[in-house]
Amino acid sequence: MKRLEKNILDKIFKIEVKRTASYFFIRSIIFVALGFAALIFSTVITEILKEQGSFDLLEFLDWNNIVVFYEESPKELLLILFLVMIFLFYLIFLLIKNYGKIKNKLVSIYKFYKKRV
Amino acid sequence: MIELSDRDIIAKIKNGEIDYYSLLVKKYTDTIYRFIKLKIRKDEDAEDLVQNVFISFYKAIERFDEAKPVRPYLYQIVGNELKMFYRSRKQVLQLKEDMVGETEEVMIFDESNLKVLSKTEKEILLLVYEGASYEEIAEQFKKPLNTIRSIIRRARLKVKRPYEKT
């Protein structure tokens, strides 16, 4: 019966290794993609505002200048950048929230395969 | 060493400490293997089914409510695995309507209700579930075909614990 138990646990840990690896792989790709998107959009928005000279308005901060600055800014691009940042922070939040669970899984997998070696 | 309850073990597994799954495997492998061996004679097939049961349970463990007992849930998976096994080997038995009623059922036994059967009834019923025809069983036991049919009908009624086919 011990052989059967060993076989069961071998299969379970193989499944878990695949699951954990694909979890990290997919999330890394999404994280890098969102990071690049955020970088590109923020660069483009900054360039547009520079060309328009909109940053000059911020030298004298009053309500009128802020309103003009907002009207001159590319709103669609700002909205996309905002959404990208929301997804990015959500991913970071999930990583922090599941940190303990992921760490325990990695430790369990390490301990299991270390016993086998 | 403090022995953990199934509930605590499941909670730890859900928290990522998957090495605790070995405790559940050690606890239930024997009973599930013996149960499946009553229905499947070949050792390799029985072992494969046991492995499938524990793999299915592991995959479902995130959704499993740790307040509920583990054993009945495992036996539910065993029932499903046996159905799939028999279907794959075309050994699903169509129960006659006059024997068990309108709904199509697959009979699942456990050790406790097999005890109510005599030795002959148990042997005959297990042969039926392994796919032997009534004629083959009649030949083996050297009894008339109608006698075999009666024995099977009586045995099924004695152990009847139907599971609705979903």
Side-chain angles (χ1 to χ4, degrees), chain A residues 1-35 83-117, chain B residues 4 6 8-64 66 70-71 73-75 77-78 81 85 111:
Chain A
M1 210 52 64
K2 289 226 181 265
R3 181 183 55 82
L4 178 56
E5 289 168 16
K6 183 182 167 295
N7 290 342
I8 291 168
L9 291 171
D10 275 345
K11 287 193 174 169
I12 295 293
F13 273 88
K14 267 192 193 138
I15 289 167
E16 194 50 54
V17 164
K18 274 188 196 161
R19 252 197 214 169
T20 308
S22 55
Y23 172 90
F24 276 119
F25 180 72
I26 290 168
R27 268 161 184 72
S28 303
I29 292 195
I30 294 172
F31 193 82
V32 167
L34 287 174
L83 288 171
V84 165
M85 295 304 288
I86 291 283
F87 278 122
L88 204 52
F89 284 125
Y90 181 64
L91 256 177
I92 294 168
F93 166 74
L94 281 180
L95 187 66
I96 293 168
K97 186 179 160 217
N98 293 324
Y99 173 75
K101 189 173 170 179
I102 295 164
K103 184 196 79 173
N104 287 336
K105 271 193 188 176
L106 291 173
V107 167
S108 295
I109 291 169
Y110 171 75
K111 281 198 295 196
F112 178 78
Y113 285 108
K114 193 179 173 200
K115 263 191 232 170
R116 294 301 159 103
V117 168
Chain B
L4 291 170
D6 287 352
D8 292 335
I9 293 170
I10 303 271
K12 285 195 177 286
I13 294 167
K14 283 185 177 183
N15 193 36
E17 296 173 79
I18 55 177
D19 44 347
Y20 279 86
Y21 196 69
S22 60
L23 297 178
L24 289 177
V25 170
K26 283 187 175 103
K27 187 173 175 181
Y28 291 108
T29 299
D30 276 353
T31 47
I32 287 179
Y33 180 77
R34 274 189 262 120
F35 179 76
I36 289 174
K37 269 296 279 175
L38 287 173
K39 291 143 192 49
I40 296 171
R41 293 289 166 94
K42 265 180 100 179
D43 281 347
E44 298 90 39
D45 289 340
E47 286 182 5
D48 284 345
L49 245 73
V50 172
Q51 289 181 37
N52 291 345
V53 166
F54 281 102
I55 289 169
S56 299
F57 182 52
Y58 182 75
K59 287 181 178 175
I61 214 159
E62 285 296 325
R63 300 188 302 273
F64 181 76
E66 59 253 42
V70 169
R71 190 185 292 262
Y73 189 78
L74 277 175
Y75 276 99
I77 299 174
V78 168
E81 288 293 327
F85 174 79
E111 291 170 22

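No experiment lies behind these values; they were computed from the predicted model shown. Numbered from 1 within each chain, the chains take letters A, B, ... in sequence-line order.
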How long is the span from the [atom1] atom in [X] to the [atom2] atom in [Y], to the nearest 0.5 Å?
X      : Y      : atom1 : atom2 : answer
B:K27  : A:E5   : NZ    : CD    : 13.5 Å
B:Y58  : A:R19  : OH    : CZ    : 5.5 Å
B:I18  : A:L106 : CD1   : CG    : 9.0 Å
A:K105 : B:N15  : NZ    : CG    : 10.0 Å
B:L24  : A:L9   : CG    : CG    : 10.0 Å
B:Y21  : A:I12  : OH    : CD1   : 4.5 Å

Taking all non-hydrogen atoms of both residues into account, name the closest pair between B:V25 and A:I8 and its distance. CG2-CG2, 3.9 Å
Please report the closest heavy-atom contact between B:G16 and A:S108, naming both atoms and the distance. O-OG, 3.6 Å
[X] atom [atom1], neighbour heavy-atom count above 12 within 6.0 Å:
X     : atom1 : value
A:F89 : CZ    : no
B:F64 : CZ    : yes
B:Y73 : OH    : yes

Listed by residue number, which members of residues 42-50 of chain B have a heavy atom under 4.5 Å from any heavy atom of chain A? B:E47, B:V50
So for B:K59, is it side chain, backbone, both, or neither that comes closer than 4.5 Å to the heavy atoms of chain A? both
